[in-house]
Amino acid sequence: MYLIACSRSIRTHLKVDRRRSSYFFLWAALLCLECIVGWPFVVSSAHAQGVNTIQTVAGGAVVSGAATANDIPGPSAVIEDASGNIYIAAPYSYNVFEVTPSGTISVFAGTGIKGFSGDGKPATQATLSAPAGLAIDSAGNIYIADLHRVRKVTNGIINTVAGTGKACPVSDYTSQPCGDGGPATSAQLNSPQGLVVDKSGNIYIADTGDSRIRVVNTQAATVTVVGVMIPSGDIQTVAGTDHVCGQPTMGCGNDGPALAAQLDLPVGITLDASQDIFIGDTRDQKVRCVLAVIGGCSDMSHKYQVGDIVNIAGTGKVCTNSCGDDGPAKNAELHDPSGIAFDSAGNLYIADRLDHRIREINNKAIIGTAVGSGIQGFCGDKGPPTSACLDFPYAVLVDSAGTIWVGDTGNQRVREVVSNTISTFAGGVSEGDGGLATSATLANPQSVTWDNNGNFYIADTANNRIRKVSGGTISTIAGTGSAGWSGDTRQATSATLNAPFGVAIDNSGNIFVSDSLNYVIREISPSGVISTIAGNYNVQCDPPTDLCGDGGSATGPTAAFTSPTALSVDNLGNLYIADSFGNRVRQVYLSGPNQGNITTAAGTGVPGNLGDGGPATMARVNQPTGVANDGAGNVYISDTQNNKVRCILAVLLGCGGSGLPVDDILTFAFTGKRGFFGDGGAAINAKTVTPSQVAVDPVGNVYVGGGGNSLVRRIDAATLTVDTVAGNPQHPGSAGFGGDGGPATKATLDNSGLSVNAAKSLLIADNGNNRIRQTNMVPVLTASTTSLNFPNTKVGSTSAPMSVKLTNVGADDQALGTFSITGPDPGDFAIHTNSCTAMLAPDLSCTISVVFTPQMTGARSAFLKVSNLSERLPLSGVGD
């Protein structure tokens, strides 16, 4: 018996046990002189992190200090204000940065968290979705192309000036004009990339995904722009139609009205002194111009009318060699021209992205190269600009002093050319290496995986690196940060990658990387040497229904992927690749008689939702993004656009006990209907939205992460029931960041990949929040009562049963063991019914009932005890 006054010291003792012990507690009883007080059960954890709480373990650093000492992932736009401050859009950091003339960088807009919020508030408190384009007006207001919106920052306060955030559906444009002719804030845009503001403050938008140029009238009265009348506050298309240019070597409307012309994913936009509109018509491999005045767009013959569109540069053919330098711009070849800008003398500069150069068209219409050697990579700082190596330059700016600023996107930096010398102005470092992982900068990390030693590896996708976290310290183990394909047979830290998406590790310590935009799979040996083991650089499987190397060497001349994403290695030495847009799961044999060969494990290349109950290779899947294996080798697939998890049997009774033959496929979880439903019930009857990736823990529980629900859900290996273990199931689909330090199921995520180790520690690639988060999952039992107190019962008679309901509200299975009656009078009580099995899965309940048969008069007492738990449920009654 304990006095209630002792309760504080007992609670303290239990808290100490919670930190030290790996056992789980069901009940603890405090007895006072008058009564029995039952404890709700307490869970202990061997981890320092709190029970089922979530915290950031990598990423989340704030950019500040010297601009050249920070990471700027994929800068896509650069502008300058009247004071010489430079502004940089970095879409995958979800920030716009400001760099002062002294070289100090800070956040100008965004919190580093993907989302949309903050209108009417300081821009540094707002969330951005993918800030890609920038513009500035004569008053110093800054405009941001933020995914499907345009936002404006005035005196530090941000507001939306165009777009609802919903994408303009191109296929519906003929019947749904996406807001044209109405208020700009009610319109739909489609991933605008380029912005410019005219002398009057009207906003010109390269509405890239919609392949149109649109203008917002910010004036109090109707204005006419290139012959198109636009009422005050409205938005209107001034170039492009509802169709894209199907063949870039064709005219696609040149020399006629711009409103009848066809564009193809235009990125760049700028104005000349006459307000003619110049367009970097990216996938048409051209620069085109819409006349604002007669004689505009260098039409010295006055042949064209206001509103006509003409070709300024490019033949539509892709640049392959000298590309027409030193000749007429119209006869030149370009390769995905993106950002464009004029200097004060009227020379036009083009970020010729896939040519890795900045091209210049002088005022005599002759084209040349201003920056870049045409060799992809990073080199040449402190030397002549035309000897430098650039990497997918996306943006260019020339200021009034003649300084050329280059958004050297693939090199993760902004470079400047001053006095015919190029240097790095901002970015270009792997921020955080050698220090705490939580002080590092990540960029759109898509995948994460544990090794057997407690280290984890991150596909730092937009930073073009693979990072390792060991003992809380982060380092780069592959990639220089520049986008590219180089380094095979050398140390992986000197290699270049291009948007690595998936990362997996085998039992020998070999690390596998899906080098997604290079269309290859690469392997990093334990000694750190990188090599390509599947696919061919820059060769896509097209169409995906082709064999693409199946049946032969994984590195043979025909071996190819369409879009390799997640990876998984089974215990037999097979590597599985989710070839998402190829609508297949591919397999590479890492050992055995077929070692080094590639085949298809599931899918035909045709998108669909067919084939359950038959061979996986004859089934249709739809953009599978994730893949994972259990200990028996069964293959779990996140069949993303089918809103399912499917499974290929590797053994009899695999995939949850299926009786289908080996190599058949079945739906393992979710109905295929979009939504969020089913926690606590059978996974096969639940709903989800576009599940992103999957993982399997060592005991066979399956975890599903990301997608439209922004959650992590767990499918129990024994019961096949589903439950949410991270992210708030009360608000599915509410992507964002929140909840660190609190319960994982109250947190807000924007997640993709995931990994679970033997200690049930869940890592989450929270890519929309540019961080890795962790929750240590343990069971948490609750009991419906703290004691069973029976009414007075005649000696020798049996009372009506009384029940206690046990519920596992935690994130892992609770081992229950066997139940028994112990204590002073165990013979007076008996277990009547028991629905509790050896394990209780999360979100499930079971019930035990007890009866009282007093053997003598007076007070009788005992405990209901579980064999492998220390807690006891007090039982009491009085015999008459």
Side-chain angles (χ1 to χ4, degrees), residues 15-25 41-58 437-438 447-458 468-474 503-507 509 511 568-569 571 628-631 636 693-705 712-718 723-727 740-745 747 751 753-766 771-781 808-817 838-842 868-869:
K15 288 179 181 177
V16 172
D17 283 348
R18 187 180 308 146
R19 290 193 297 268
R20 292 191 310 192
S21 174
S22 61
Y23 294 98
F24 307 123
F25 297 95
F41 66 131
V42 183
V43 179
S44 65
S45 172
H47 300 283
Q49 182 179 339
V51 171
N52 295 326
T53 60
I54 194 168
Q55 64 183 17
T56 295
V57 292
T438 49
S447 297
V448 62
T449 192
W450 287 105
D451 69 12
N452 293 328
N453 299 314
N455 309 305
F456 60 89
Y457 301 80
I458 306 164
K468 177 182 179 180
V469 177
S470 180
T473 299
I474 195 167
V503 60
I505 188 168
D506 67 14
N507 291 328
I511 299 167
S568 180
V569 184
N571 291 329
N629 298 91
D630 64 18
Y636 297 83
Q693 295 195 47
V694 286
V696 184
D697 70 20
V699 297
N701 302 305
V702 177
Y703 300 78
V704 186
V712 176
R713 298 172 84 180
R714 174 189 182 275
I715 301 165
D716 191 77
D723 196 52
T724 297
V725 294
D740 263 8
T745 52
N751 55 313
L754 64 169
S755 183
V756 189
N757 65 8
K760 304 297 178 65
S761 185
L762 168 66
L763 290 174
I764 303 167
D766 200 359
R771 60 190 71 209
I772 306 298
R773 300 171 81 181
Q774 179 181 4
T775 178
N776 297 321
M777 299 178 295
V778 296
V780 178
L781 281 173
N808 183 358
V809 297
D812 193 27
D813 292 326
Q814 173 64 66
L816 294 177
M839 286 283 186
L840 187 61
N868 62 337
L869 300 177

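Just so you know, residue 1 is the first one in the sequence shown, and it goes up from there.
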Tell me the closest heavy-atom pair linking [X] and [Y], and the distance in Å.
X      : Y      : result
Ala758 : Pro698 : CA-CG, 3.6 Å
Ala628 : Ser568 : CA-OG, 3.4 Å
Ala747 : Ile54  : CB-CG2, 3.7 Å

Taking it one step at a time, do Val569 and Asn629 satisfy side-chain contact (heavy atoms from CB on, under 4.5 Å)? CA-CA 7 Å; Val569 184; Asn629 298 91; 5.9 Å; no
Could you state the interatomic distance from [atom1] ([X]) to [atom2] ([Y]), rounded to the nearest 0.5 Å?
X      : Y      : atom1 : atom2 : result
Met777 : Leu762 : CE    : CG    : 5.0 Å
Gln55  : Arg773 : CD    : CZ    : 10.0 Å
Leu754 : Ser447 : CG    : OG    : 9.0 Å
Met839 : Asn808 : CE    : CG    : 10.5 Å

Under the salt bridge (Lys or Arg N to Asp or Glu O under 4.0 Å) rule, collect the residues that match up with Asp716, sequence neighbours excluded.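 Only Arg714 meet the salt bridge (Lys or Arg N to Asp or Glu O under 4.0 Å) criterion with Asp716.
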Would you check if [X] and [Y] make a side-chain contact, meaning some heavy-atom pair closer than 4.5 Å?
X      : Y      : answer
Ile764 : Val448 : no
Asp813 : Pro842 : yes
Asp697 : Lys760 : yes
Asp812 : Pro779 : yes

Listed partners of [X] passing side-chain hydrogen bond (donor to acceptor under 3.5 Å, both in side chains), at least two apart:
X      : value
Asp723 : none
Thr56  : Asp740, Arg771
Arg713 : Asp679

Can Val780 and Gln814 be said to form a side-chain contact (heavy atoms from CB on, under 4.5 Å), step by step? CA-CA 8 Å; Val780 178; Gln814 173 64 66; over 6 Å; no
side-chain contact (heavy atoms from CB on, under 4.5 Å) evaluation trace for Val696 with Tyr703: CA-CA 6 Å; Val696 184; Tyr703 300 78; over 6 Å; no
Answer yes or no: is there a donor N or O on one side and an acceptor on the other, between the side chain of [X] and the main chain of [Y], under 3.5 Å?
X      : Y      : value
Thr775 : Thr53  : yes
Ser761 : Asn776 : no
Thr745 : Ala726 : no

Quick one: list whatever passes side-chain contact (heavy atoms from CB on, under 4.5 Å) with Ala58, sequence neighbours left out.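 Ala58 satisfies side-chain contact (heavy atoms from CB on, under 4.5 Å) with Ala437, Leu442, Phe456, Ile458, Val469, Ile772 only.
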Using the side-chain contact (heavy atoms from CB on, under 4.5 Å) criterion, which residues pair with Asp451? Sequence neighbours excluded.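 Asn453, Asn455, Tyr457, Ile505.
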The test is side-chain contact (heavy atoms from CB on, under 4.5 Å); show your working for Val712 and Asn751 and say whether it passes. CA-CA 8 Å; Val712 176; Asn751 55 313; 3.6 Å; yes
